[in-house]
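Letters A, B, ... are given to chains in the order of the sequence lines, protein chains preceding strands, and every chain is numbered from 1.
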2 protein chains.
Amino acid sequence: MNAPIVSPALTKNQALVFDALNRAEGPMSAYTILDKLRDHGFRAPLQVYRALDKLTEFGMVHRLESLNAFVACAHREHECCGGAQGHGHGTVAFAICESCNQVMEFHDHKVDHQLGDWAKSKGFKPSKTTIEIRGLCEKCAA
Amino acid sequence: MNAPIVSPALTKNQALVFDALNRAEGPMSAYTILDKLRDHGFRAPLQVYRALDKLTEFGMVHRLESLNAFVACAHREHECCGGAQGHGHGTVAFAICESCNQVMEFHDHKVDHQLGDWAKSKGFKPSKTTIEIRGLCEKCAA
DNA sequence: TTAGAGATGTAATGTTATTACATCAATTGC
DNA sequence: GCAATTGATGTAATAACATTACATCTCTAA
Ligand SMILES: [Zn+2]
Ligand SMILES: [Zn+2]
Ligand SMILES: [Zn+2]
Ligand SMILES: [Zn+2]
């Protein structure tokens, strides 16, 4: 099954974590989230990790592998390139500014299809694809 | 400066780590490498991390972000898509089998250029790009 | 010969993630 | 109503990954 099109009802902990990520300006580590939620009763890492697992499964949150951190989903496109991954669309990519920590989430058909073609040609069956560009955003590169 | 075309002379520790990675069938974590090299005098994680840093800088080793692990470079292509990254070629991508842990390293012009175009259009200056496809290799998917 | 740069050794610490086990709450079937 | 199941939660302990700090050591260039 793919992730549901409509966001599922969140549990209390999931809602707290999702809210924290939405308020944040950039990605946060699980332990940073934990610290932000201590006032709301969070005491242990597992409370955060469990919520993040579900939110990721729902496609509402993405994990940035090169940062060991998490961001709320920011994609604004229609469903496309439907596949086994993500929010019912194809692979998501991220551009991460190493100066201001801003993250841009985007989806690129051509990249997605090209990687899909490569996989097909090799008989490789993708389950999850990570694309992360580290560098400097326009503002910070100036 | 880009990485040198010719591999530089390696220090003793760098050579030991590189050799361990080349002998390995798949990616290894820094601590796994440490354990393999205890007989050769390695005692602390930092000895491994320092060597890995240099080898990565030389383009002889790649870090797999989604695994927190390292592989010896396996690319066999000519220099192309020259850029600020890697061994004098463009971005490298990896397909990682979650069943047998085999890793395929490849370079795809179209993907590279497409991501480069996206960056250009946004004024983003890439320093390092990570592309990792997790899934099942042909053999394991059968 | 001495000052600087780079490599090394070691210990301690910091950061990220998981395992194990107990408990609680909502749902289902009887 | 009342077990049985399922999923969410709480807590502690531990595992896995990575860095900081500091002391040597070696080579080389002035
Ligand atoms: Zn998204
Ligand atoms: Zn920036
Ligand atoms: Zn390579
Ligand atoms: Zn396989």
Tell me, please, which residues at least two apart from A:Tyr49 pass ring-ring contact (aromatic ring centres under 6.0 Å, His included).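 A:Tyr49 satisfies ring-ring contact (aromatic ring centres under 6.0 Å, His included) with no other residue.
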Can you tell me how far P of C:dA7 sits from CG of B:Leu52, to the nearest Å?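 Atom-to-atom, B:Leu52 to C:dA7, this comes out as 15 Å.
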Between CG on residue A:Leu34 and CZ on residue A:Arg43, distance to nearest 0.5 Å: 9.0 Å
For A:Leu37 and D:dG10, give me the distance from atom CG to atom C1', rounded to whole Å.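 Rounded to the whole Å, the gap is 15 Å.
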Under 4.0 Å, heavy atom to any atom of DNA chain D: which of residues 11-23 of chain A qualify? A:Thr11, A:Lys12, A:Asn13
Pairwise N/O distances under 3.5 Å, protein to nucleotides 15-24 of chain D:
from	atom 1	to	atom 2	distance (Å)
D:dA18	OP1	B:Arg63	NH1	2.8
D:dA18	OP1	B:Arg63	NH2	2.4
D:dA18	OP2	B:Tyr49	OH	3.0
D:dA18	O5'	B:Tyr49	OH	3.4
D:dA18	N7	B:Tyr31	OH	2.7
D:dA18	N6	B:Tyr31	OH	3.2

Please list, chain by chain and in numerical order, all residues satisfying side chain to side chain contact (heavy atoms under 4.5 Å, CB included) with B:Arg63, sequence neighbours excluded. B:Glu65, B:Asn68, B:Phe70
Rounded to whole Å, please give me the gap between CG in B:Leu10 and C1' in C:dG6.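 Answer to the nearest Å: 15 Å.
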Results of salt bridge (charged side-chain N to carboxylate O under 4.0 Å, His left out) for B:Asp117 - residues two or more places apart only: none
Measure from CZ on A:Arg43 to P on D:dA13 and round the result to the nearest Å. 14 Å
I'd like to check B:Ile131 versus A:Val111 (side-chain heavy atoms, cut-off strictly below 4.5 Å). Are they in contact?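 Contact flag for B:Ile131/A:Val111 side chains = no.
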Can you check the B:Phe42 CZ to C:dG9 P distance for me, whole Å?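 Answer to the nearest Å: 7 Å.
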Would you check if the side chain of B:Gln102 reaches a backbone N or O of B:Cys97 as a donor-acceptor pair within less than 3.5 Å?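 Answer holds: no.
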All ring-ring contact (aromatic ring centres under 6.0 Å, His included) counterparts of B:Phe18, not counting sequence neighbours: none
D:dT9 OP1/OP2 closer than 4.0 Å to side-chain N/O of A:Gln47: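 So the side-chain polar atoms of A:Gln47 never come under 4.0 Å of the phosphate oxygens OP1 or OP2 of D:dT9.
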Let me see the working for B:Asp35 and B:Arg38 under salt bridge (Lys or Arg N to Asp or Glu O under 4.0 Å), right down to the final yes or no. CA-CA 5 Å; B:Asp35 285 339; B:Arg38 290 208 187 268; 3.3 Å; yes
